[in-house]
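Input: a single structure, listed below in structure tokens.
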There are 2 protein chains.
Amino acid sequence: MTLSILARAEAHGLRLTGQRRIVAQVLEDSDDHPDVETIHLRACAHDPAISVATVYRTVNLFEEAGILERREFGDGRARWEDAERDHHDHLIDMQTGEVIEFVDPEIEALQERIADRLGYDLKGHRLELFGVKRK
Amino acid sequence: MTLSILARAEAHGLRLTGQRRIVAQVLEDSDDHPDVETIHLRACAHDPAISVATVYRTVNLFEEAGILERREFGDGRARWEDAERDHHDHLIDMQTGEVIEFVDPEIEALQERIADRLGYDLKGHRLELFGVKRK
DNA sequence: ATACTTGCAAAGGCTTTGCACCCTA
DNA sequence: TAGGGTGCAAAGCCTTTGCAAGTAT
């Protein structure tokens, strides 16, 4: 079972303000990897008064609590997603910025093996493949 | 055989100014993944008058020419390295920012297979594993 | 009631760019 | 010489932060 973002925030003892509930809901409803600007835009649909600063503070807070994960796809801004989503990796189209999610069973094993070889712990690991779509 | 950065710049018809020669030399001599600030610092050892703006313009120019490759390790600034270095991947310590280079033959095959499956061309591909060192 | 949160606007860090001057080919 | 390059400082973007006012517990 997986608790909702809000439930996990509460479990972490975080204060549940109206703004945090909204940001949590927005990310709960997102299947993509929204940046702060996008999250803010979606949050404004619930409460037009919410500020970008609060969105920044909330996602950072949730990240520290292990509720969200920050992604960097090379376009200079952070993307966010629920840390409890099923593990998957990303393929980024360096020309269009498009993000493809995929799962490959071998990658799981490979990542562990490499981390092991190098003495690293890949909890919360990610794989990023950068490429361009074939014509 | 692999031409020097400077030789490749010349081959691309780029104008070889004093500043570009220096930036090329600095990167030729670098075994790490310097950011612009670091490149500028090293360049100043050759010519204290070189400006950061020129370093930015030069690395971007060299990237467009396929001479250098830009890396993003999640710390908000770009790192640069010779595009002709032997292919390798990176493991980034998310706590210290340390960058480990490594090569794994299976990754080569895996990357190709995944790219193939997804219809992508991974020329100039990269793998980034994010983790923290085991205690 | 108190400690924490928010909005606003200013500031920070990295990168790009306009402009006048300078230099390579 | 002519077209491109450089330095400087200003501006752009994304993100963080100081402060006064507001709010969850």
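Keep in mind that this is a model prediction, so the values were computed, not measured. Order of the sequence lines fixes the chain letters, A, B, ..., with proteins taken first and strands second; residue numbering starts at 1 for each chain. Just so you know, these numbers use all the heavy atoms, side chains as well, and skip hydrogens, waters and symmetry mates.
Remark: B:H46 engages no residue in a ring-ring contact (aromatic ring centres under 6.0 Å, His included) (not counting sequence neighbours).
Positionally, the nearest nucleotide of DNA chain C for A:Q19 lies more toward the 5' end than for the other of A:Q19 and B:R21.
A ring-centre distance under 6.0 Å is found for B:F73 and B:H33.
Here D:dC14 presents its C1' atom at 14 Å from CG of B:D75, a figure rounded to the nearest Å. What separates CD of B:E63 from C1' of C:dT16 is a distance of 14 Å, to the nearest Å. To the nearest angstrom, C1' of D:dC14 lies 13 Å from CD of B:E72. As a whole-Å value, the separation of B:L16 CG from C:dC22 P is 22 Å.
Near-neighbour residues of DNA chain C inside residues 25-59 of chain B, defined by a heavy atom below 4.0 Å, number-ordered: B:A53, B:Y56, B:R57.
In this structure, A:E28 contributes its side chain and A:I5 its backbone to a donor-acceptor pair below 3.5 Å. With hydrogens and angles ignored, the 3.5 Å screen pairs a side-chain donor or acceptor of B:S30 with a backbone N or O of B:V26. Between the side chain of B:R42 and the backbone N or O of B:E37, no donor-acceptor pair lies under 3.5 Å.
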Step by step, work out the side-chain contact (heavy atoms from CB on, under 4.5 Å) result for A:F102 and B:R117. CA-CA 10 Å; A:F102 68 94; B:R117 193 179 109 205; 4.2 Å; yes
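One cannot find a donor-acceptor pair under 3.5 Å joining the base of C:dT5 and the side-chain atoms of A:R15.
The nucleotide whose nearest atom lies closest to any side-chain atom of B:N60 is, among C:dT16, D:dT16, D:dT15, C:dT16.
Within the 4.0 Å cut-off from OP1 or OP2 of C:dT15, not a single side-chain nitrogen or oxygen of B:R77 is found.
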